[in-house]
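Remarks on the structure that follows.
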Amino acid sequence: MKSILLAAGLSLAGTLTSAETVIDTISGQNSGFYCLGVDTGCGQTFGQSFTVGADTRLDSFSFLTAPVTGGAIDVVLRLYEWSGSSRIGAELYASAATALSNLDWDETTWNVGLTLTSGSRYMAYLDASGLGNPTTSSTGFSYISGATYDGGGFFWERTAGDESWNATSADSEFRAVFNAATVPLPATLPLLAGAIGGAVALRRRRKPA
């Protein structure tokens, strides 16, 4: 009976957890794209599109950002569904304003915790607009030329929200960590109860008269 219950417990655990999926292009600085800011004429939003696989809960998203100049700059990580050239539908996620003040290349991570759709493409981007930043403040991305990640690419807008997205044949250095969507615990309880009930019935049938 113990072995049956252990097997049932392992089976149940398997419905709740799985190995995580990681998309990771943070593999060493390549080229710099330095002008995420508010008055440089270069871009108010920088982002990376990506495609969701079998694991659909986006636990965290990271960008490697350039040294900040002109004082700390506040950014918001935003997430939308992506058509391949522009955003689709309503905003899915927005972080609190995050102050970047790094003096060297640095990875910043946002804990997202959002379940997405397998096979769909999304855009995660940093938005520096409308946050009261100093007009001289700017940062940027390190990007990998040659588009090492096939599921998306590096995009930016000169003016936030105007849907005039620019692209390069490159990927930003980023990391997205996914896990399987959590199975609600109440839905698994009947499975465990059934396994226990079956084990007890089997033991009773085998008990000598």
Side-chain angles (χ1 to χ4, degrees), residues 20 22-50 52 57-82 86-87 89-116 121-145 149 152-168 170-179:
E20 65 185 18
V22 180
I23 304 171
D24 189 353
T25 65
I26 299 179
S27 57
Q29 179 183 331
N30 193 321
S31 301
F33 197 92
Y34 292 91
C35 49
L36 171 62
V38 293
D39 75 335
T40 61
C42 187
Q44 291 184 316
T45 69
F46 283 8
Q48 173 75 33
S49 62
F50 61 93
V52 178
R57 190 182 73 242
L58 178 60
D59 287 342
S60 65
F61 199 96
S62 306
F63 275 120
L64 188 69
T65 55
V68 177
T69 61
I73 182 170
D74 286 339
V75 296
V76 172
L77 178 74
R78 302 189 187 277
L79 184 70
Y80 281 83
E81 194 169 357
W82 182 249
S86 63
R87 303 176 303 180
E91 182 176 71
L92 301 175
Y93 172 83
S95 73
T98 302
L100 301 179
S101 58
N102 43 295
L103 301 179
D104 200 350
W105 290 94
D106 191 30
E107 178 183 350
T108 303
T109 299
W110 289 264
N111 294 319
V112 179
L114 181 67
T115 298
L116 305 176
R121 183 169 290 191
Y122 296 86
M123 166 61 73
Y125 67 90
L126 295 187
D127 184 357
S129 65
L131 298 174
N133 284 311
T135 57
T136 57
S137 182
S138 66
T139 184
F141 287 102
S142 174
Y143 65 87
I144 308 296
S145 59
Y149 169 59
F154 172 40
F155 292 82
W156 79 97
E157 290 177 302
R158 295 185 187 280
T159 302
D162 69 357
E163 296 303 325
S164 296
W165 291 89
N166 303 274
T168 68
D171 296 304
S172 65
E173 291 200 62
F174 77 103
R175 180 181 293 110
V177 178
F178 297 85
N179 273 283

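Predicted, not measured: the structure shown is a model, and the values here were computed from it.
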Query raised in the report: When you look at Tyr122 and Leu58, which way does the side chain to side chain contact (heavy atoms under 4.5 Å, CB included) test go after all the steps?
Result: CA-CA 11 Å; Tyr122 296 86; Leu58 178 60; over 6 Å; no
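- Taking CG of Leu77 as the start and OG1 of Thr108 as the end, the distance is 10.5 Å to the nearest 0.5 Å.
- The two residues Glu81 and Leu92 have their closest heavy-atom pair at N-CD1, 3.9 Å.
- The side chain to side chain donor-acceptor pair (under 3.5 Å) test applied to Ser62 returns Glu107, Thr109, not counting sequence neighbours.
- In this structure a side-chain-to-backbone donor-acceptor pair under 3.5 Å is missing from Thr115 to Arg57.
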Report all side-chain donor-acceptor pairs from residues 65-73 shorter than 3.5 Å, counting only partners two or more places apart or in another chain.
unit_1 : atom_1 : unit_2 : atom_2 : d
Thr65  : OG1    : Asp106 : O      : 3.4
Thr69  : OG1    : Ser138 : OG     : 3.0

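- Looking at residues two or more places apart in sequence or on another chain, you find a side-chain contact (heavy atoms from CB on, under 4.5 Å) between Leu131 and Asp74, Val76, Asn133.
- With sequence neighbours excluded, no residue satisfies ring-ring contact (aromatic ring centres under 6.0 Å, His included) with Trp110.
- Every side chain to side chain donor-acceptor pair (under 3.5 Å) that Ser86 has, sequence neighbours left out, goes to Ser83.
- A pairwise comparison of heavy atoms in Glu157 and Asn166 identifies CA-ND2, 4.4 Å as the closest pair.
- The closest side-chain heavy-atom distance from Val75 to Leu36 is below 4.5 Å.
- Distance CG/Asp171 to CD1/Ile26: 12.0 Å, rounded to 0.5 Å.
- Considering only heavy atoms from C-beta on, Phe61 comes within 4.5 Å of Phe50 through its side chain.
- Side-chain atoms of Leu100 and Asn102, non-hydrogen and from C-beta on, do get closer than 4.5 Å to each other.
- Annotation: side chain to side chain donor-acceptor pair (under 3.5 Å) contacts of Ser49 (sequence neighbours excluded): none.
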Requested in this report: Test side chain to side chain contact (heavy atoms under 4.5 Å, CB included) on Asn111 and Ser60 and set out the steps.
Outcome: CA-CA 4 Å; Asn111 294 319; Ser60 65; 4.0 Å; yes
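- The list of salt bridge (Lys or Arg N to Asp or Glu O under 4.0 Å) pairs with a residue in residues 130-142, not counting sequence neighbours, is empty.
- A heavy-atom distance below 4.5 Å is not found between the side chains of Thr25 and Tyr143.
- Among pairs with a residue in residues 92-101, none fulfils salt bridge (Lys or Arg N to Asp or Glu O under 4.0 Å), at least two apart in sequence or across chains.
- Taking the ring-ring contact (aromatic ring centres under 6.0 Å, His included) definition, one finds that Phe155 meets it with Trp82, sequence neighbours left out.
- With rounding to the nearest 0.5 Å, the separation of CG in Asp59 from CG in Asn179 is 4.5 Å.
- Legend: residues meeting ring-ring contact (aromatic ring centres under 6.0 Å, His included) with Tyr125, ordered by chain and number and at least two apart, are Trp165.
- Using a 4.5 Å cut-off on side-chain heavy atoms (C-beta onward), Leu126 and Phe141 make contact.
- Checked against the 6.0 Å centroid threshold, Tyr149 and Phe174 count as a close aromatic pair.
- By the 30° and 60° cut-offs, the orientation of the rings of Phe46 relative to Phe33 is perpendicular.
- The salt bridge (Lys or Arg N to Asp or Glu O under 4.0 Å) check on Arg78 picks up Glu91, Asp127, with sequence neighbours excluded.
- Two rings, from Trp105 and Tyr34, have their centers less than 6.0 Å apart.
- Below 30°, between 30° and 60°, or above 60°: for Phe154 and Trp156 the angle between ring planes is between 30° and 60°, a tilted geometry.
- With sequence neighbours left out, the side chain to side chain donor-acceptor pair (under 3.5 Å) criterion links Asp24 to Arg175.
- The backbone N or O of Ser172 sits less than 3.5 Å from a side-chain atom of Gln48, completing a donor-acceptor pair.
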